[in-house]
Structures are given as structure tokens and as C-alpha cells.
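Input: a single structure, listed below in C-alpha cells.
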Amino acid sequence: MRNLSTSSTESNSPTSIAERRASYEEILRLALERGFFFPSAEIYNDSLAGFWDYGPLGFLLKSNLEREWRRWIVKYEDMIEMDGALILPKSVFEASGHLSSMVDPIVECTKCHNRLRADKFISEKTGLQVDERLSPEEFQDLISKYNLRCPKCGGELGKPSRFNMMFRVGVGAENADAYLRPETAQNIFTAFSRLSKTQRLKLPKGIAQVGKSFRNEIAPRQSLLRLRELIQAEVEVFFNPSGSFDHSKFEKLQNVKMKILSVDGEMKEVSDFSEAARLFGSEIIAYYFALLQRFYNAIGFSKEDTRFRELSAKDRAFYATSAFDFEINSGLGWVELVACNYRTDYDLSTHSKASKKDLMVMDGETKVLPHVIELSLGVDRTMFMLLDKFFRHEPNRDVLRLPPNVAPYLAAVFPLISKPPFESVAEKIYEDLKLQDFAVFYDDSGAIGRRYRRMDEVGTPFCVTVDPQTIDDQTVTLRQRDSMEQKRVKIGELAEELRRLRNQNVPGTITA
RNA sequence: GCGAGGUUAGUCUAGCCUGGUUAGGACGGUGGCUUCCCAAGCCUCCAGCACGGGUCCGAAUCCCGUACCUCGCACCA
């Protein structure tokens, strides 16, 4: 996460005069109290930082978010989806470059235990160009040669070592070196050959995967924003770099507006594809960025909330030749949600070399090693940002204004009074809606207003209430979370109405 | 990792400086009476001093260690 600024800009979310955005602490309170997420193994004293569990509401929110990602990106583009192993052998990461490039050379002061990046420290002190891939012995030689000491306390520096952000695991009786994957992408590259042969793939083709990745962060912080175990929803689009792009695909995404912050700090709004292609580097990149933008629009973020930030050469991952971070403007400043990398043929080429397998595929008449565009989406961060954007304090209530397509529960069902005949009718409606696969919640305790408030706080957009009139004319009240208005709906038309409301377009969404 | 500050029911918080009845309150939740369309009322009950060690006749309170949280620095494929 970069560029954390304290300024929070109000965006075009539904607002009333008195409502107020929730602070980070208040979002955490909601999460803990209502069961969105909480520290993993928290009852133990040695529970680990950077690991969080999702509770019932967080789980439902996550499921909905992933479903919408499939709907707007994976299914829309006829991508294929896989689900790979979390533990991968050493050779995968030797080839991918993660073993050498994800390693930071570290040196620690023997006296005050201050830890320094060896390469940066040495080059700072000596003015030399220091390659971070030098061996620990070479760093040791440099430190002795220039007689370098701890910049803080003047103490003697210990032995340089390497810190790798990957979790190593020992597999089998031999304890063979293997690693928890630091990104989901590697499964896709190692499976690419089989998938291309057996799934009759034609370029360009997206291969998607959602799952856990693991990074041994030194200082995990801010709950879901900096995790050691995180969920990524990744798409690797394989394409022929010398092929042409089908322009007719642009038409359906014409209305998608994007903002780009270029390396030189200039903010531009992009509204047509030729301009987007120029700013993002190619037509195909512009296209997939528009697809990504539309997904975020569909879960409630607008172009005002979001931007693509171009990364300079030194900020990019080691495998990327061009890279943009898709960021959201939150109460914590601009936060990176999606890493968008042009990985060229880096991965297929290195894996091909290391495994000695030909990973080229046919594109029409020609044999090519495809290039890759990657959209690596942080699911946990996106969930936090949904809470950040939509959790609001109003004078008389806290309300989570999640769009219906991601809200954990779509609707709640209440009897106005927990007495017959209202109870049995309400229960019947609840059972029916469950069988039709709606995420619904039943509550009959306490006053009706209290039950509405509870649902407001966890983001349930609709409440169905059975009252005396229901007994007369088979209608119920359908109460809207945001306006608190209610209308009467026939019981028989309830499911259809809820389905319609769930799919109503949120601001900024276009109908495909 | 370093530095600073912090941790009291599910959540928020008083008490800590100056050790001494049964750790107080609010919100929340349970059950009951009542009311019934936007957190009504009354009663009942539930639930807590982060963990470990030390000092002391006695520790939420003082000391040490550990974990976690927040902020800053560093890191962030």
C-alpha cells in the first residue's frame, strides 16, 4: 500500500446531510461485533499477526464478491478457471524468479538489533552500486572492507543473511524444500501446457483462479489490508503479441470510464478506446482494464473512487515490463486493490527453459510463445474497501449501504409480532425464499424497529414483514434499507421482485 | 524489524498516577411481561482486568518478559 494520505474525499455515494463516513476503528468494530472478520486463533496468546478468519457475514460477502467477479470478468470473457495446489516445489520458484528476487539481504546490529537492508545500506554509505543478489559472504566482505557500523548506535553489525518473503515448507519424510505460493499465478503458468492442449484454447484466452497466497510480511498491519495469508482473484490473459485485437469487443464496453495517473503525476480521464490504448500501452491492455473497471463499478465503486496508477520502472515487479495499480480512494487514502502487470512471455519462457518443455502454442498458422496480461485482484482488500465505502453513521442508525449483489443477506423476513398467525406465515415465506437460493435471514425477537436497525448495520438491503394486512390480502411490506420506505408486495411475487432488485444496476454499471 | 503508545464482558468505557470490601457504567445479548412499522418501557439473567512471571500480608493498579493492536520509520514480488 502506498500513498497513504489522511485526506478522505467524499465520493458520489448516496449521501444525506448528517451522515458520516466510518473510521478504520469503527469498521473494525463492525467486523468484530457482527462477525465479518476477526483475528485467527484469537483465544491463544501466541496467535499470529497477519492472519484473520472470516465469520458468517464475511464469508457471505466474500462469496458474493467472487460470484460477481466471475460474472463480470471470468464468464463474460469465456475464461477458463482452475484451482491449483497451494504448495509448489522449489523449481517453480527458481524458474519464476521468486527465490532470487523475493529475497532481501538483511544485516542486523549485534547491539541494538536494528535491521538494515544490506544492499541499500552499503550503497548509501559507500556510494557503490550494490547488487541485492550478492551472496551473504560478499556483503560481509564489503562491510569489513569499509568498516561499516550500525548507523543508529555505532554497534557492530552481525552476519548478513537473506530474508525471503515466501513460507518454506518441508514435504514428506525427506523434508523436501517447497514453498507456499506467493501468488496464485504460478499454477496457471505451470498448468498452461496441459490446459492449452486439452481445453482447445484459442488465443487470446484468459485463465482465472481464485485462492489463497502466502507472503511472510515483516510487519502485517491494518487487518485485511496487509495479510500474510491472502486471497487473490487472478486472471492471466494469454495472447499473441503480434496478433491483432478484435475491435468489436470495444463496443460493449464503450461506456466504461477510467482514470489514469501517469508516472509523471498527471491525472487523465479516459473515455475512448484509442486514447486508452495509447495511455495504457496497447489495445488489449486497455480492453481488460475496462473490464476490470466495469467489475468494480458493478460492486458499487465509481470512476471517481478509482484510478489506474502507472508504476515507474523501479516500482514494478521484477517480471513486469509495464504495470498499473488499480487503486481505490478510501478513508485511508489511495489503496492498491489490483496489480495489473504486463508480464510479456517472461513466465512461459523461464518455465520452458527450466523444465525443458516446449510451451509454445499454435495461433492460427503460426507457433508462438504467448504474452501475458495479468489482473491480480486482492479479495480481502476489496472486501475491506466495501466496508470502508459503504459503512455510514446516520443520526439514528449505523447503516452499511452495500449494493444488493454483494450484501451478505439480500433480505430478512420478520413477523410484525412474534405471535400466530404472523409467525407461521413469515416462517413459510422464509422457507420458500431459502429453497429458491436467496440469502435470507429470519428474526422474530424484539420490536420491529430494532430488527430493522440490526439489518441496516450488516447491510441487508431489504426486509419483508408479515403484518395483519398480510392475513387479509396475502401481501407483505417490503422495506428498503437506504430510504427506509416500504411498499406492499404480493407474497407470490416476492421472489421475482427480490430477484429484480438484486440485479438492479448500481450506479456506473452498464448493461451488457 | 526498530521506536513510541496501548490492551478492563461481544463492543465502548470508569478505575491505574496514590496497591486494600463483591471491578462500576453504557451499548449488546438471553428469558419474561407489555407494546407493535423504524434501536419504547419494566424485571431477570449473561459476560471482563491479554498471557506468563515477580514484588507485596494483599496486584486491574508497581516491575520484568511474551503476544497482539495503533502510529511513525523501514519493508511491501
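Numbers restart at 1 for each chain; the letters A, B, ... are given by sequence-line order, proteins then strands. What you see is a predicted model; the values in this text were computed from it and never measured.
Spacing of C1' atoms, B/C27 relative to B/A47, comes out at 13 Å, to the nearest Å.
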Listed pairs under 3.5 Å, donor-acceptor, residues 422-432 of chain A side chains, sequence neighbours left out:
unit_1   : atom_1 : unit_2   : atom_2 : d
A/Ser424 : OG     : A/Pro421 : O      : 3.1
A/Lys428 : NZ     : A/Asp432 : OD2    : 3.1

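Within 6.0 Å of CZ on A/Phe59 lie no more than 12 heavy atoms contributed by other residues, nucleotides or ligands. The neighbour count for A/Arg488 CZ, taken as heavy atoms of other residues, nucleotides or ligands under 6.0 Å away, is above 12.
Contacts between residues 26-37 of chain A and RNA chain B, counted as heavy-atom distances below 4.0 Å, involve A/Arg29, A/Glu33. Looking at residues 452-468 of chain A, you'll see A/Tyr452, A/Arg453, A/Arg454, A/Thr465, A/Asp467 sit with a heavy atom under 4.0 Å from some atom of RNA chain B.
Contact annotation: A/Arg450 does not reach the phosphate of B/C36 (side-chain N/O to OP1 or OP2, under 4.0 Å). Between A/Tyr44 and B/A67 there is no side-chain N or O to OP1 or OP2 distance below 4.0 Å. Regarding contacts with the backbone of B/C71, a side-chain N or O of A/Gln222 is found under 4.0 angstrom from either OP1 or OP2.
Considering only residues two or more places apart in sequence or on other chains, A/Ser47 meets the side chain to side chain contact (heavy atoms under 4.5 Å, CB included) condition with A/Ala41. Every residue two or more places apart in sequence or in another chain that forms a side chain to side chain contact (heavy atoms under 4.5 Å, CB included) with A/Arg502 is listed here: A/Leu410, A/Phe438, A/Arg499.
With the nearest nucleotide of RNA chain B identified for both A/Arg451 and A/Asp46, A/Arg451 has the one nearer the 5' end.
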task = Convert the base pairs of RNA chain B into dot-bracket notation, remembering that pairs crossing earlier ones are written with [ ] and that bases paired across to another strand are shown as |; include only Watson-Crick or G-U pairs under 3.5 Å.
result = (((((((..((((......[...))))((.(((.......))).))...(((((..]....))))))))))))....
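Atom pair A/Gln486:CD and B/C38:C1' shows a separation of 8 Å (rounding to whole Å applied).
Among the atoms of the strands shown, only primed sugar atoms or phosphate atoms (P, OP1, OP2) are found under 4.0 Å from some heavy atom of A/Tyr319.
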